[in-house]
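Below is one structure, written out as structure tokens; comments come after it.
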Amino acid sequence: MTSSSTSPEDIRSLEYGTGSHFIKNIINEHNRNGRFDGRIHTRFPPEPNGYLHIGHAKSICLNFGLAREYGGLCNLRFDDTNPVKEEQEYIDAITQDVRWLGFDWEDRLYYASDYFETMYHFAEQLIQSGHAYVCDLTPEEIREYRGTLKEPGRESPYRNRTVSENLDLFRRMRAGEFPDGLRTLRAKIDMGSGNLNMRDPVMYRITRATHPRTGDAWCIYPMYDWAHGLEDSIERITHSICTLEFEDHRPLYDWFLEALDTYRPQQIEFARLALTHTVMSKRKLLTLVKEGFVAGWDDPRMPTISGLRRRGYSPEAIRSFCEKIGVSKANSTVDYAMLEYCVREHLNLTAPRVMAVLDPLKVVITSYPDNQVEMLDALNNPEDETMGYRTVPFSREIYIEAADFMDNPPKKFFRLAPGREIRLKHAYYIVCDDVIRDKSGEIVELRCHHDPESRGGWTKDGRKVQGTLHWVSASHAVRGEVRLYDHLFLTDDPLNVPEGTNFTDSINPNSISTIRTALFEQSLENVNPEARYQFIRHGYFCADRDSRPGYPVFNRTVTLKDTWAKLQK
RNA sequence: UGAGGCGUGGCCAAAUUGGUAAGGCUCCUGACUCUGGAUCAGGCAACUGUAGGUUCGACUCCUACCGCCUCAGCCA
């Protein structure tokens, strides 16, 4: 046991490594050759159409982390170019999650929709220079004309309209003269390109949908490829970091900004995060929510930021995780154990220890005076003595964990058994004298005696005891609820399922088990939601918002490492 | 020969731009301990996808294969 105090530096050192990765190498090179005059300005650009998950956290930590490390800036920008999918609810949730993770965009909260007018003017500029045209093809026809992966596409019959005709049509698109989907504005690039993104991509579509921020001001909305580079350019972003699937889009990103002869950031793609035993796509997470496999976006079993938060994960732990997994271009799946390691690492240093008995077995200490109650001092956290002490009541009748007693213990069972002496944490040594059973033979109570000289948990003679148990005073115990969570999916890779089956088929039927018989030490009678504790010998737990005065409810974040459990198998 | 990427121990991932394979997680020992936790010490484990080539020397350069991922939304 170490008993050093935990400084903020210690905790911070968990998170910020000096590790190198290919994006830093690129930035260093830019700094060397002066491409961005030594500036570094990144952005996190979520679309507000769902909740953030741990995969987004990787991106958030990367973008904000690089800005911090290089003394640059990072913007929070909502990429709200598709009003049919986006909602204010998501904007609020995302904002809250990023802030909870510990990042600050200061006054740089932006929205793509703020640039709609600017984008529109850039579009007219592209029309003027002959780089864009209004196309009357239907969606089906556009698909046909686009060709296939191996065959080139064909040019649209509307491709050679005059500049003035294009300008007139485009203005009338904006003015709302045409029904939804009737025409599009397209970039005039190369229908024969091997890169499908370059086959005259659509820049604007006509969609009458009320936008969360611009309302009904627009009936044409910009497409991602057209909008995103402009957003980055307008904000003078230096490094536009995105995921691998946008690699094929980079030529288009560059093409638009070069055609406009305007400032061009460097797009860099990295591999998105995948974790074992869970799914990460918004669509699949939505399925879990909609079909009731979980109780909502913030169900503690969800890999969402809000789910992890409710589960008890700390921002520090998540940041530390994102630092540890690194950044690369190789598709990979990180072992969930890595995430669990990170929470334990942080909570070990910061979570106060308390005692909770999940499966109670009554113990009467026959040698202890009937009406006596002692208030014993208990260290809150042996890793950080500055967290001080609390007192826990001790009395003649207590409860211990049923699994901590065995009639005929096997070798290496360092717990209570007939005739054996163990230590009650913070309290006394006790010896088991008697086992009381009901008519069915089930153990219902133990009779023990204690050694008054062992008060506090040690004796002058220095004798060793073979185990330390947690306990709770019967008359002082608080009844409450504990929710034990396990992986949501039984398999490492839920997406890798046999033909004809669904990813939800491998959902773990025991991903949650609720215990309503739990007994907690008195200090937990009233808890604040999101307060994190270590239940000694059990694991880390987080008070849930369902807690009521006198009836605390806890979510198990993660178990303690359990070498006994390993021995047993 | 559609286009673009990626392949380093069970899982992530470095390698100062050719110098002779970091680190973390997992797993296994042992020490210590008022949490079978933590901590500490140590260990198992990679001929860097394969086959050639260049070189005194290659994870790094060249050639050819193999495997995996992404792209045919008026989604992002």
Side-chain angles (χ1 to χ4, degrees), chain A residues 1-2 4 17 19-21 25 29 45-47 49 79 81-82 84-86 135 137-139 142-143 146-153 180-186 193-199 201-207 220-221 223-225 227-228 242-251 269 271 276 282 323-342 344-345 348-349 353 355 379 382-383 412-415 423-427 429 454 456-458 465-470 492 534-539 559-567:
Chain A
M1 175 175 68
T2 60
S4 57
S20 95
H21 56 67
N25 293 343
E29 178 56 26
E47 182 191 11
N49 69 341
D79 204 2
T81 57
N82 183 9
V84 308
K85 288 187 176 176
E86 295 151 8
C135 183
L137 256 26
T138 65
I142 286 185
R143 197 185 329 118
R146 185 156 35 225
T148 67
L149 290 178
K150 296 191 175 175
E151 297 152 13
D180 285 7
L182 188 72
R183 293 187 223 267
T184 56
L185 182 71
R186 294 227 260 164
S193 173
N195 182 345
L196 297 259
N197 296 120
M198 301 300 271
R199 319 238 266 227
V202 171
M203 295 164 61
Y204 277 96
R205 73 280 210 181
I206 302 172
T207 303
I220 58 172
Y221 290 95
M223 299 287 291
Y224 170 85
D225 286 305
H228 204 86
C242 60
T243 44
L244 251 30
E245 65 270 28
F246 291 103
E247 232 156 5
D248 292 343
H249 296 241
R250 186 170 5 110
E269 312 84 15
T276 60
K282 283 181 184 173
E323 183 63 39
K324 280 186 171 70
I325 57 176
V327 181
S328 78
K329 298 191 69 156
N331 283 312
S332 59
T333 303
V334 176
D335 195 328
Y336 204 95
M338 184 86 95
L339 221 206
E340 296 185 326
Y341 171 84
C342 291
R344 290 195 187 102
E345 185 185 38
N348 176 48
L349 299 177
R353 274 60 169 166
M355 295 194 286
L379 186 58
E383 300 293 331
K412 293 192 173 179
F413 181 80
F414 303 147
R415 306 182 187 182
R423 170 171 39 234
L424 294 175
K425 181 82 177 172
H426 307 305
Y429 292 180
S454 64
W458 58 278
V465 290
Q466 54 200 336
T468 301
L469 308 187
H470 59 279
D492 284 25
Q534 183 198 97
F535 289 179
I536 285 180
R537 304 209 301 134
H538 278 301
T559 62
L560 249 25
K561 287 209 329 195
D562 189 348
T563 52
W564 169 242
K566 269 177 197 162
L567 277 179

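Here the structure is a predicted model, which means the values were calculated and not measured. Chain naming here is simple, since letters A, B, ... match the order of the sequence lines and numbering starts at 1 in each.
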Does [X] reach the main-chain N or O of [Y] with its side chain, forming a donor-acceptor pair under 3.5 Å?
{"X": "Thr276(A)", "Y": "Tyr336(A)", "value": "yes"}
{"X": "Thr243(A)", "Y": "Glu245(A)", "value": "no"}
{"X": "Arg205(A)", "Y": "Asp180(A)", "value": "no"}

What's the [atom1]-[atom2] distance between [X] and [N], to the nearest Å?
{"X": "Glu245(A)", "N": "C68(B)", "atom1": "CD", "atom2": "P", "answer": "20 Å"}
{"X": "His249(A)", "N": "A76(B)", "atom1": "NE2", "atom2": "C1'", "answer": "9 Å"}
{"X": "Glu247(A)", "N": "A3(B)", "atom1": "CD", "atom2": "P", "answer": "15 Å"}
{"X": "Lys150(A)", "N": "G4(B)", "atom1": "NZ", "atom2": "P", "answer": "15 Å"}
{"X": "Glu345(A)", "N": "G23(B)", "atom1": "CD", "atom2": "C1'", "answer": "14 Å"}
{"X": "Tyr341(A)", "N": "C25(B)", "atom1": "OH", "atom2": "P", "answer": "4 Å"}
{"X": "Glu29(A)", "N": "U17(B)", "atom1": "CD", "atom2": "P", "answer": "12 Å"}
{"X": "Glu269(A)", "N": "G4(B)", "atom1": "CD", "atom2": "P", "answer": "13 Å"}

So, OP1 or OP2 of [N]: does either fall under 4.0 Å of a side-chain N or O from [X]?
{"X": "Arg143(A)", "N": "G73(B)", "answer": "yes"}
{"X": "Lys561(A)", "N": "A38(B)", "answer": "yes"}
{"X": "Ser193(A)", "N": "A3(B)", "answer": "no"}
{"X": "Arg250(A)", "N": "U70(B)", "answer": "no"}
{"X": "Asn25(A)", "N": "A15(B)", "answer": "yes"}

Would you mind classifying the nucleic acid contact of [X] as base, sugar-phosphate or nothing, using non-hydrogen atoms under 4.0 angstrom?
{"X": "Phe413(A)", "value": "base"}
{"X": "Thr276(A)", "value": "nothing"}
{"X": "Val84(A)", "value": "nothing"}
{"X": "Lys329(A)", "value": "sugar-phosphate"}
{"X": "Asp248(A)", "value": "base"}
{"X": "His538(A)", "value": "nothing"}
{"X": "Asp180(A)", "value": "nothing"}
{"X": "Thr81(A)", "value": "sugar-phosphate"}
{"X": "Arg146(A)", "value": "sugar-phosphate"}
{"X": "Thr148(A)", "value": "base"}
{"X": "Glu340(A)", "value": "nothing"}
{"X": "His228(A)", "value": "nothing"}
{"X": "Leu137(A)", "value": "base"}
{"X": "Leu196(A)", "value": "base"}

Using the [atom1] atom in both, what is the distance from [N] to [M], to the nearest Å?
{"N": "A21(B)", "M": "U29(B)", "atom1": "C1'", "answer": "25 Å"}
{"N": "G57(B)", "M": "C25(B)", "atom1": "P", "answer": "38 Å"}
{"N": "U16(B)", "M": "G53(B)", "atom1": "P", "answer": "26 Å"}
{"N": "A13(B)", "M": "G73(B)", "atom1": "C1'", "answer": "35 Å"}
{"N": "C32(B)", "M": "G23(B)", "atom1": "P", "answer": "27 Å"}
{"N": "A22(B)", "M": "C69(B)", "atom1": "P", "answer": "31 Å"}
{"N": "U20(B)", "M": "U48(B)", "atom1": "P", "answer": "15 Å"}
{"N": "C59(B)", "M": "G9(B)", "atom1": "C1'", "answer": "14 Å"}

Go through the steps to decide whether His426(A) and Met355(A) satisfy the test side-chain contact (heavy atoms from CB on, under 4.5 Å), and finish with yes or no. CA-CA 10 Å; His426(A) 307 305; Met355(A) 295 194 286; 4.1 Å; yes
Residue met sooner reading RNA chain B from 5', once Arg199(A) and Met223(A) are mapped to nucleotides: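 Closer to the 5' end of RNA chain B: Arg199(A).
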With RNA chain B as reference, determine whether Lys566(A) or Asn348(A) sits nearer its 5' end, using the nearest nucleotide of each.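 Closer to the 5' end of RNA chain B: Lys566(A).
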Counting only Watson-Crick or G-U wobble pairs whose two distances fall under 3.5 Å, which nucleotide matches [N]?
{"N": "C75(B)", "result": "none"}
{"N": "G19(B)", "result": "C56(B)"}
{"N": "U48(B)", "result": "none"}
{"N": "U39(B)", "result": "A31(B)"}
{"N": "C25(B)", "result": "G10(B)"}
{"N": "C68(B)", "result": "G5(B)"}

Side chain of [X] - closest among [options]:
{"X": "Ala330(A)", "options": "C6(B), U35(B), C75(B)", "value": "C6(B)"}
{"X": "Val202(A)", "options": "C25(B), U35(B), C74(B)", "value": "C74(B)"}
{"X": "Ile325(A)", "options": "C75(B), A72(B), C12(B)", "value": "C12(B)"}
{"X": "Asp79(A)", "options": "A76(B), C69(B), U35(B)", "value": "A76(B)"}
{"X": "Ser328(A)", "options": "A13(B), C74(B), U35(B)", "value": "A13(B)"}

Please give me the minimum heavy-atom distance between [X] and [Y], naming the atom from each residue.
{"X": "Lys329(A)", "Y": "Ala271(A)", "value": "C-CB, 3.9 Å"}
{"X": "Arg199(A)", "Y": "Gly147(A)", "value": "NH2-C, 3.8 Å"}
{"X": "Trp458(A)", "Y": "Tyr429(A)", "value": "CA-OH, 3.5 Å"}

For G37(B), does the base pair up with any side-chain atom of Glu383(A) as donor and acceptor (N or O, under 3.5 Å, distance only)?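 Per atom types, the contact qualifies.
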is_close_aromatic(His538(A), His470(A)), centroid dist under 6.0 Å: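 His538(A) vs His470(A): aromatic centres under 6.0 Å.
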Test side-chain contact (heavy atoms from CB on, under 4.5 Å) applied to Val202(A) and Ile142(A), step by step: CA-CA 9 Å; Val202(A) 171; Ile142(A) 286 185; 4.2 Å; yes
Non-hydrogen side-chain atoms of Tyr341(A) and Lys324(A) separated by less than 4.5 Å: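 When only atoms from C-beta onward are counted, Lys324(A) and Tyr341(A) do touch, with a gap below 4.5 Å.
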Syn if the chi torsion is within 90° of 0, anti otherwise; quick check, which is G73(B)?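 Judged by the O4'-C1' to base torsion, G73(B) sits in syn, the angle falling within 90° of 0.
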